[in-house]
**Student:** 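First the structure, then my questions, so here it is.
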Amino acid sequence: MDTQVCRVRFAPSPTGYLHIGGARTALFNWLLARKMGGVFVLRIEDTDRSRHVADSLAKILADMRWLGLDWDEGPEAGAAGGTGGSFGPYAQSERLAIYQEHVARLIEAGHAYHALETPEELTAMRDAARQQKIDFRYPRPDPLPTTAEVQAARDAGRSAVVRFKMPGEDITVVDDILGEVTLAADQLEDFVIQKGDGWPTYHLACVADDALMEITHVLRGQEHLMNTPKHIALQRALGFDTPHYAHLPIIFNMNGSKMSKRDKEKALKRGEVPPEIDVHDFRAAGYLPEALLNFISLLGWSTGDDEEQITLQETADRFALKAIGKGNAKFDRDKLISFNTDWSARVEPVRLLAGFVDYLRVNDLPMASLAEPMLQRVLQLCQGFRTFADVVAKVGFAFADDADIVYQEKAVRKVLEKNDGAGYGVLRALLPRLESIESWTADAIESELKAFCDAGGLKLGNVAQPLRVALSGGTVSPAIYDTLDLVGRERTLSRIKQTMMQGSEQ
RNA sequence: GGCCCCUUCGUCUAGUGGCCUAGGACACCGGCUUUUCAUGCCGGCAACACGGGUUCGAGUCCCGUAGGGGUCACCA
């Protein structure tokens with residue numbers, strides 16, 4: 001097996017956007033494939049029709065693309081119109097016949113059997129067991145239901161599932177991260193491989209597909225560790241090789257809770273800003289995929305030295321399963337922000353611009369209609385920003401109508417009204433000076449403002465802040481000369497007048 | 001609760017018996033730069049969960065305890 005090319009897969013369920021934890025799993029699979037010169041397969045695990053969410057496949061693919069995790073095989077893999085690989089189809093919903101064939105084989109070989117309990121009956125059995133404080137393990141019927149009994153049950157409108165006969169021996173998982181993990185035979189029960197509706201369960205579909213798609217390494221979250229003995233037993237019964245396994249540590253919130261989509265709803269109910277949970281949330285919040293990827297790659301893995309901020313390519317070059325930690329990690333949003341700040345300052349200007357345009361479009365913001373040179377300039381003026389959201393918060397007012405400027409009470413009080421309206425006084429005195437400027441450029445504005453300060457014995461801050469409030473409604477903007485230039489002569493003057501009018505009304 | 005996994009600064013981690021007076025990053029604290037915000041620069045605080053072993057020597061190996069996590073579906 002070791003002489004084959006490395007083939008890994010990421011197998012999400014289409015139940016919504018790509019979760020950040022899923023993205024980390026996808027990333028590690030991708031990294032291993034790229035490091036080994038192997039193949040990265042994207043497979044869709046959609047055998048539970050009741051949990052299917054419309055559009056989620058498209059959303060997951062879009063999230064993968066935004067991250068830049070390209071897949072070699074899978075839906076829409078390769079160039080437009082490409083076949084997507086020769087191990088397809090890559091959606092399990094299109095592979096039903098394959099699974100049924102394997103289930104039949106297992107039954108024929110005596111490795112599986114039909115079971116007739118209804119879900120309700122099973123629940124009752126479990127409840128009874130719990131009341132007696134004993135562990136419930138599905139008791140294999142003895143004798144097994146006969147073909148006639150199965151048929152009779154079906155005729156009576158009851159559905160039959162198929163269960164796999166666990167071999168009754170201890171099973172050891174050899175894990176590339178955790179080492180050897182052995183599960184005792186009495187911990188393993190006969191589990192369902194085919195549901196009452198004829199569809200396979202995750203276990204059967206996963207094992208069959210991994211084998212048929214010739215997957216050599218299975219990297220998945222640690223929550224799957226207890227499933228692995230079942231999968232190994234299935235592989236043995238089916239005559240499949242067991243792939244390498246590596247169970248990744250899980251990612252949690254800073255408070256130790258799971259990062260759940262429900263965190264967003266809860267925060268919303270409390271009137272708080274919802275936390276980013278799905279990849280799409282981070283995209284919409286103005287993060288760069290470079291930063292996100294770099295950050296999550298360090299959750300459970302490290303370069304081994306003091307280097308942290310490296311490119312995806314460098315990460316792939318240095319990636320190794322042995323370097324993955326065993327302990328769970330907490331998702332530190334402050335560190336992510338710091339990484340994003342650094343990446344935003346590092347990335348090529350064209351790349352930054354593309355990211356900004358994407359952010360503007362995803363959020364359908366008015367600034368999306370601005371020409372690229374202007375956006376480029378905005379980015380330039382906002383250097384040091386943490387996320388694209390900061391950029392918009394800092395310059396958005398420059399592209400709004402005068403009437404839409406919201407004057408923040410605190411800013412007005414502190415900057416304009418304080419000291420008997422000193423700020424208003426500055427604006428009044430400054431207005432004619434600004435009106436006299438002939439060519440409205442940052443340089444001309446600078447010399448005029450400096451001259452104004454010198455003449456009045458004022459510090460720049462005494463002038464810049466009133467101007468900022470007048471133009472933006474608040475106290476945050478790019479450097480003041482650039483701000484005036486950005487807003488433009490006409491609107492600069494009109495907003496100063498508008499501000500003074502409001503001041504005199506008080 | 002049964003079974004399984006994990007345990008170095010608040011957080012992510014380096015560390016694979018002596019190089020550790022335990023390193024880096026984020027956060028935090030202090031200072032500097034600065035026309036606002038944010039950057040940037042300098043400095044500081046801060047950890048081997050606990051208890052037994054093994055060893056000349058343990059953060060590094062073993063056992064136990066405690067704590068955290070996962071899992072016990074006709075979901076994946």
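Letters A, B, ... are given to chains in the order of the sequence lines, protein chains preceding strands, and every chain is numbered from 1.
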**Student:** Using atom P of each nucleotide, how far apart are A27(B) and A66(B) to the nearest Å?
**Tutor:** 38 Å
**Student:** Expressed in whole Å, how much space separates the P atoms belonging to G68(B) and U11(B)?
**Tutor:** 14 Å
**Student:** OP1, OP2 of G2(B) versus side-chain N and O of Lys133(A): anything below 4.0 Å?
**Tutor:** no
**Student:** If you assign Ala115(A) and Phe252(A) each to the RNA chain B nucleotide with the nearest heavy atom, which residue ends up on the more 5' nucleotide?
**Tutor:** Phe252(A)
**Student:** When Arg346(A) is tested against each of Leu288(A), Leu352(A), Thr311(A), Thr341(A) for side chain to side chain contact (heavy atoms under 4.5 Å, CB included), which residue passes?
**Tutor:** Thr311(A)
**Student:** When you compare C26(B) with G44(B), how far apart are their C1' atoms, in angstrom units rounded to a whole number?
**Tutor:** 16 Å
**Student:** Output the single nucleotide from C74(B), A73(B), U39(B) whose closest atom is nearest the side chain of Arg386(A).
**Tutor:** U39(B)
**Student:** Side chain of Asp332(A): nearest nucleotide among C5(B), C3(B), C26(B)?
**Tutor:** C26(B)
**Student:** Taking only side-chain nitrogens and oxygens of Ser302(A), does any of them come within less than 4.0 Å of OP1 or OP2 of A14(B)?
**Tutor:** yes
**Student:** Looking at Lys326(A), is its backbone amide N or carbonyl O close enough to the side chain of Gln222(A) to form a donor-acceptor pair, meaning the two atoms are under 3.5 Å apart?
**Tutor:** yes
**Student:** With heavy atoms under 4.0 Å as the rule, sort Leu178(A) into base, sugar-phosphate or nothing.
**Tutor:** sugar-phosphate
**Student:** Distance between the C1' atoms of C20(B) and A47(B), in whole angstroms?
**Tutor:** 13 Å
**Student:** Nearest to the side chain of Asp334(A), which nucleotide is it out of G69(B), C75(B), C26(B)?
**Tutor:** C26(B)
**Student:** How close or far is atom P of C12(B) from atom CD1 of Ile324(A), stated in whole angstroms?
**Tutor:** 16 Å
**Student:** Which nucleotide in the set C74(B), C3(B), G69(B) lies at the smallest distance from any side-chain heavy atom of Gln187(A)?
**Tutor:** C3(B)
**Student:** What pair of heavy atoms forms the shortest contact from Ala112(A) to Val162(A), and how long is it?
**Tutor:** CB-CG1, 3.8 Å
**Student:** Could you tell me whether Asn227(A) contacts a base, only the sugar-phosphate backbone, or nothing, with contacts defined as non-hydrogen atoms closer than 4.0 Å?
**Tutor:** base
**Student:** Under 4.0 Å, heavy atoms only, any strand: does Val192(A) hit a base, just the sugar-phosphate, or nothing?
**Tutor:** sugar-phosphate
**Student:** Measure from the side-chain heavy atoms of Asp306(A) and tell me the nearest of A76(B), G24(B), G70(B).
**Tutor:** G24(B)
**Student:** Reading RNA chain B from 5' onward, which residue's closest nucleotide shows up sooner: Ile250(A) or Leu183(A)?
**Tutor:** Leu183(A)
**Student:** For U54(B), which nucleotide in any strand shown is its Watson-Crick or wobble partner with both distances under 3.5 Å?
**Tutor:** none
**Student:** Just call it for His247(A): base, sugar-phosphate, or nothing, with non-hydrogen atoms closer than 4.0 Å on any strand.
**Tutor:** nothing
**Student:** Taking the side chain as every heavy atom from C-beta outward, state whether Thr315(A) and Trp301(A) have any pair of such atoms under 4.5 Å apart.
**Tutor:** yes
**Student:** Do any side-chain nitrogens or oxygens of Arg346(A) fall under 4.0 Å of OP1 or OP2 in U39(B)?
**Tutor:** no
**Student:** Between Met259(A) and His19(A), is the side-chain contact (heavy atoms from CB on, under 4.5 Å) condition met? List the steps.
**Tutor:** CA-CA 9 Å; Met259(A) 290 182 75; His19(A) 186 271; 4.1 Å; yes
**Student:** Contact class for Thr47(A) (heavy atom, under 4.0 Å): base, sugar-phosphate, or nothing?
**Tutor:** sugar-phosphate
**Student:** Report yes or no: is there a donor-acceptor pair, N or O only, under 3.5 Å between the side chain of Lys335(A) and the base of A25(B)?
**Tutor:** yes
**Student:** Rounding to the closest angstrom, what is the interatomic distance between U16(B) and C62(B) at atom C1'?
**Tutor:** 16 Å
**Student:** With a non-hydrogen cut-off below 4.0 angstrom, is Pro478(A) in contact with a base, only sugar-phosphate, or nothing?
**Tutor:** base
**Student:** Would you classify Gly327(A) as touching base, sugar-phosphate or nothing, given that sugar-phosphate means primed atoms plus P, OP1 and OP2, and contacts are heavy atoms under 4.0 Å?
**Tutor:** sugar-phosphate
**Student:** Rounded to the nearest angstrom, tell me the gap between atom CG in Asp305(A) and atom P in A25(B).
**Tutor:** 12 Å
**Student:** Sticking with atom C1', work out how far U71(B) lies from G51(B), rounded to a whole angstrom.
**Tutor:** 30 Å
**Student:** Please report the distance separating the P of G40(B) from the corresponding atom of G15(B), rounded so that it comes out in whole Å.
**Tutor:** 27 Å
**Student:** Could you please name the option among G2(B), G70(B), A76(B) that lies closest to any side-chain atom of His224(A)?
**Tutor:** A76(B)
**Student:** Quickly work out the Glu223(A) CD to G68(B) P distance and round it to whole Å.
**Tutor:** 20 Å
**Student:** Considering every strand and a 4.0 Å limit on heavy-atom distances, what is the contact class for Asp342(A): base, sugar-phosphate, or nothing?
**Tutor:** sugar-phosphate
**Student:** Would you mind classifying the nucleic acid contact of Ile134(A) as base, sugar-phosphate or nothing, using non-hydrogen atoms under 4.0 angstrom?
**Tutor:** nothing
**Student:** Restricting to non-hydrogen atoms, name the atom on Pro12(A) and the atom on Leu42(A) that form the minimum distance, rounded to 0.1 Å.
**Tutor:** CD-CD1, 3.9 Å
**Student:** Watson-Crick or G-U wobble partner for U21(B), using a 3.5 Å limit on both distances?
**Tutor:** none
**Student:** Can you identify which nucleotide, out of G1(B), U35(B), G69(B), has its nearest atom closest to the Gln465(A) side chain?
**Tutor:** U35(B)
**Student:** Mark yes or no for a side-chain to base donor-acceptor pair under 3.5 Å between Arg468(A) and U35(B), with no hydrogen or angle criteria applied.
**Tutor:** yes
**Student:** Below the 4.0 Å mark, does U36(B) have OP1 or OP2 next to a side-chain nitrogen or oxygen of Lys414(A)?
**Tutor:** no
**Student:** Taking the side chain of Leu225(A) as heavy atoms from C-beta outward, which of C4(B), A76(B), C12(B) is closest to it?
**Tutor:** C4(B)
**Student:** Does Gln383(A) reach a base, just sugar-phosphate, or nothing at all? Heavy atoms under 4.0 Å.
**Tutor:** base
**Student:** Mind checking if Phe331(A) touches a base, just sugar-phosphate, or nothing, with heavy atoms under 4.0 Å?
**Tutor:** nothing
**Student:** If the cut-off is 4.0 Å, is Arg163(A) near the phosphate of C74(B), judged by side-chain N/O to OP1 or OP2?
**Tutor:** yes
**Student:** Tell me, yes or no, whether the heavy-atom count around Glu121(A) atom CD, taken from other residues, nucleotides or ligands under 6.0 Å, exceeds 12.
**Tutor:** yes
**Student:** Name the nucleic acid region contacted by Glu308(A), choosing base, sugar-phosphate or nothing; use a 4.0 angstrom heavy-atom cut-off, strictly under.
**Tutor:** base
**Student:** NA contact type, Lys326(A), heavy-atom cut-off 4.0 Å: base, sugar-phosphate, or nothing?
**Tutor:** sugar-phosphate
**Student:** Who does G2(B) pair with, Watson-Crick or G-U, both distances under 3.5 Å?
**Tutor:** U71(B)
**Student:** Tell me whether Arg158(A) at atom CZ has more than 12 heavy atoms from other residues, nucleotides or ligands lying less than 6.0 Å away.
**Tutor:** yes
**Student:** Does U65(B) have a Watson-Crick or wobble partner in any strand here, with both distances under 3.5 angstrom, and which is it?
**Tutor:** A49(B)
**Student:** Under 4.0 Å from OP1 or OP2 of C4(B): is there any side-chain N or O of Lys230(A) that close?
**Tutor:** no
**Student:** Any N or O donor-acceptor pair under 3.5 Å from the base of C37(B) to the side chain of Lys394(A)?
**Tutor:** yes
**Student:** Choose from G70(B), U35(B), C37(B) the nucleotide whose nearest atom is closest to any side-chain atom of Val476(A).
**Tutor:** C37(B)
**Student:** In whole Å, what separates the P atom of U7(B) from that of U60(B)?
**Tutor:** 11 Å
**Student:** Do Met254(A) and Asp332(A) touch side chain to side chain, with heavy atoms closer than 4.5 Å?
**Tutor:** yes
**Student:** Using purine N1 to pyrimidine N3 plus N6-O4 or O6-N4 for Watson-Crick, or N1-O2 and O6-N3 for G-U wobble, both under 3.5 Å, which nucleotide pairs with C41(B)?
**Tutor:** G31(B)
**Student:** Does the Lys NZ or Arg CZ of Arg163(A) fall within the cation-pi geometry relative to Tyr113(A) - under 6.0 Å from the ring centre and within 45° of the axis?
**Tutor:** no
**Student:** Looking at every strand, decide which applies to Arg126(A) at a 4.0 Å heavy-atom threshold: base, sugar-phosphate, or nothing.
**Tutor:** sugar-phosphate
**Student:** Of all the nucleotides listed (G69(B), C12(B), G2(B)), which has the minimum atom distance to the side chain of Lys330(A)?
**Tutor:** C12(B)
